[in-house]
**Student:** 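Can you read through this structure? Questions will come right after.
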There are 2 protein chains.
Amino acid sequence: MTGSREKVADAAPDAGSLQLDRFIPYRLSVLTNTVSMVIAGAYEREFGLSIPQWRVMAVLARYPDLSAVEVAERTAMDKVAVSRAIQGLLDDKRVLRAFDKGDRRRSILRLSAAGQAVYTRVAPMALRYEAELLSALNPSDQRTLDRLLARLMEQAKSMQAR
Amino acid sequence: MTGSREKVADAAPDAGSLQLDRFIPYRLSVLTNTVSMVIAGAYEREFGLSIPQWRVMAVLARYPDLSAVEVAERTAMDKVAVSRAIQGLLDDKRVLRAFDKGDRRRSILRLSAAGQAVYTRVAPMALRYEAELLSALNPSDQRTLDRLLARLMEQAKSMQAR
DNA sequence: CGGATATAGTTTCAATTGTAACCATTAGTT
DNA sequence: AACTAATGGTTACAATTGAAACTATATCCG
């Protein structure tokens, strides 16, 4: 019925045959946005935390006394984003800041008691969301995902380097 | 050596043990951002196209004569983003807009000849980037990725629904 | 018909984000 | 010491994005 003659019809011939909903970068983007919105909504609702703030708290919980640039490295955020997240956390008294004796530019950051308290509640929630997402995959596929993400990240970084 | 007593040490005990760089939503986000930046930079540099504009063109190439909301559905963008992308494409004369006879609210969008010409150059470039990214995986892993993304997207949508 | 409701799309305004410029301090060089 | 360059961090400004309000048209229902 459909294709006996040429010149389009309904499904266009298409340069190199690209279909958006099969295009991996697009699918990654949609997936990430959906996941982020779900989780960010919960952080915000329950704790008044933005995603950047959450990331900063997560690294400070595990590695206290980092400087802002060290936080930036470990969160894949730029230093401006880190500065802003920290400012908010300082305002909310969830982070304490000191400055290095030997190098007075360098800040030394850690969670306050209040920050710790918040963190011990956010972290399990984050892990539950992750677990719920991954529950769509069996354990073997979960390990595979882990591996594929690592490889893709490597490759993406090398593409970025050029 | 390390763990015979409790109460911290250097690597914090951590609520439920969360490590940011092992946290899937974070890794997805970093991967997506990296990939998007690489590709968006190329679209912008070579064609003056934003990612939203590129998405709109991709669906119109394949499905001409959609309305703006139909474009929105097929690009996972909201109607404001679509409206703005289309405005830019109209300004650049890469998209033509007519209005439905029977329902004059409804627009009917398609690529102009110039838009088609651009598209036939962008699409192969997009596919090359995708191929380069995926070249980090063997064919079997590529199929697996496809499957896992589909499952995760399903699950993310169902989480969002609540 | 006339009034409420819904839909397509745009505009407006606020919040978020990115880039560049900017202090302050430290390190290197002569 | 004095000058330059580099580093840590913040600020300022522009661009992007999101949410809500708005216009126009169409539909529903009495």
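Protein chains get the first letters and strands the later ones, always in sequence-line order, with residue 1 at the start of each. All values below were derived from every heavy atom in this structure, side-chain atoms included, with hydrogens, water molecules and symmetry-related copies excluded.
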**Student:** What nucleic acid atoms does S107(A) come within less than 4.0 Å of, heavy atoms only: base, sugar-phosphate, or nothing?
**Tutor:**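 Sugar-phosphate contact only.
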**Student:** Can you label the angle between the W54(A) ring and the F23(B) ring as parallel, tilted or perpendicular, going by 30° and 60°?
**Tutor:**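 Perpendicular: the ring planes of W54(A) and F23(B) meet at over 60°.
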**Student:** Look at the side-chain N and O atoms of S83(B) and state whether any lies under 4.0 Å from the OP1 or OP2 oxygen of dT10(C).
**Tutor:**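 Yes, S83(B) has a side-chain N/O under 4.0 Å of OP1/OP2 on dT10(C).
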**Student:** Over how many whole Å does the gap from E70(A) atom CD to dG9(D) atom P extend?
**Tutor:**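 Distance check: E70(A) CD to dG9(D) P gives 8 Å.
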**Student:** Tell whether R84(B) reaches the base of dG18(D) with its side chain through a donor-acceptor pair below 3.5 angstrom.
**Tutor:** yes
**Student:** Can you check the D103(B) CG to dT7(C) C1' distance for me, whole Å?
**Tutor:**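 Taking CG of D103(B) and C1' of dT7(C), I get 8 Å after rounding.
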**Student:** If you draw the axis of the six-membered ring of Y63(A), does the NZ or CZ of R74(A) fall within 45° of it and under 6.0 Å from the ring centre?
**Tutor:** yes
**Student:** If you only use heavy atoms from C-beta on, which nucleotide in dG9(D), dT25(C), dA8(C) is closest to the side chain of R97(A)?
**Tutor:** dG9(D)
**Student:** Rounded to whole Å, how long is the line connecting atom CG of L90(A) with atom C1' of dG9(D)?
**Tutor:** 12 Å
**Student:** Applying side-chain contact (heavy atoms from CB on, under 4.5 Å), run through L149(A) and I24(B) and close with a yes or a no.
**Tutor:** CA-CA 9 Å; L149(A) 285 181; I24(B) 298 287; 3.9 Å; yes
**Student:** For the pair made of CD1 in I108(A) and P in dT25(C), what is the distance, rounded to whole Å?
**Tutor:**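 Interatomic distance, CD1 of I108(A) to P of dT25(C): 16 Å.
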**Student:** Taking N and O atoms by type only, does the side chain of R104(A) place a donor or acceptor under 3.5 Å from a partner on the base of dT25(C)?
**Tutor:**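 No such pair is found, so the answer is no.
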**Student:** So does E70(A) pair up with R106(A), basic N to acidic O under 4.0 Å?
**Tutor:** yes
**Student:** Write down the distance between CE (M77(A)) and C1' (dG18(C)), rounded to a whole number of angstrom.
**Tutor:**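 Nearest whole value for this atom pair: 13 Å.
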**Student:** Round to a whole Å and report the spacing from CG of L49(A) to P of dT16(C).
**Tutor:**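 Spelled out: CG on L49(A) to P on dT16(C) is 13 Å.
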**Student:** Quick check for you: among dG9(C), dA24(D), dT26(C), whose closest atom lies nearest to any side-chain atom of R105(B)?
**Tutor:** dA24(D)
**Student:** D78(A) has an atom CG; how far is it from atom P of dG9(D), in whole Å?
**Tutor:** 13 Å
**Student:** Grab the CD1-C1' distance between I51(B) and dT17(D) for me, whole Å please.
**Tutor:** 14 Å
**Student:** Closest approach to the side chain of V80(B), judged atom by atom: which nucleotide of dA8(C), dA20(D), dG9(D) is it?
**Tutor:** dA20(D)
**Student:** If you count the non-hydrogen atoms of other residues, nucleotides and ligands that lie under 6.0 Å from CD in E132(B), is the total more than 12?
**Tutor:** yes
**Student:** Report the residue (K79(A) or P52(A)) whose heavy-atom-nearest nucleotide on DNA chain C is the more 5′ of the two.
**Tutor:**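 Its nearest nucleotide being more 5', the pick is P52(A).
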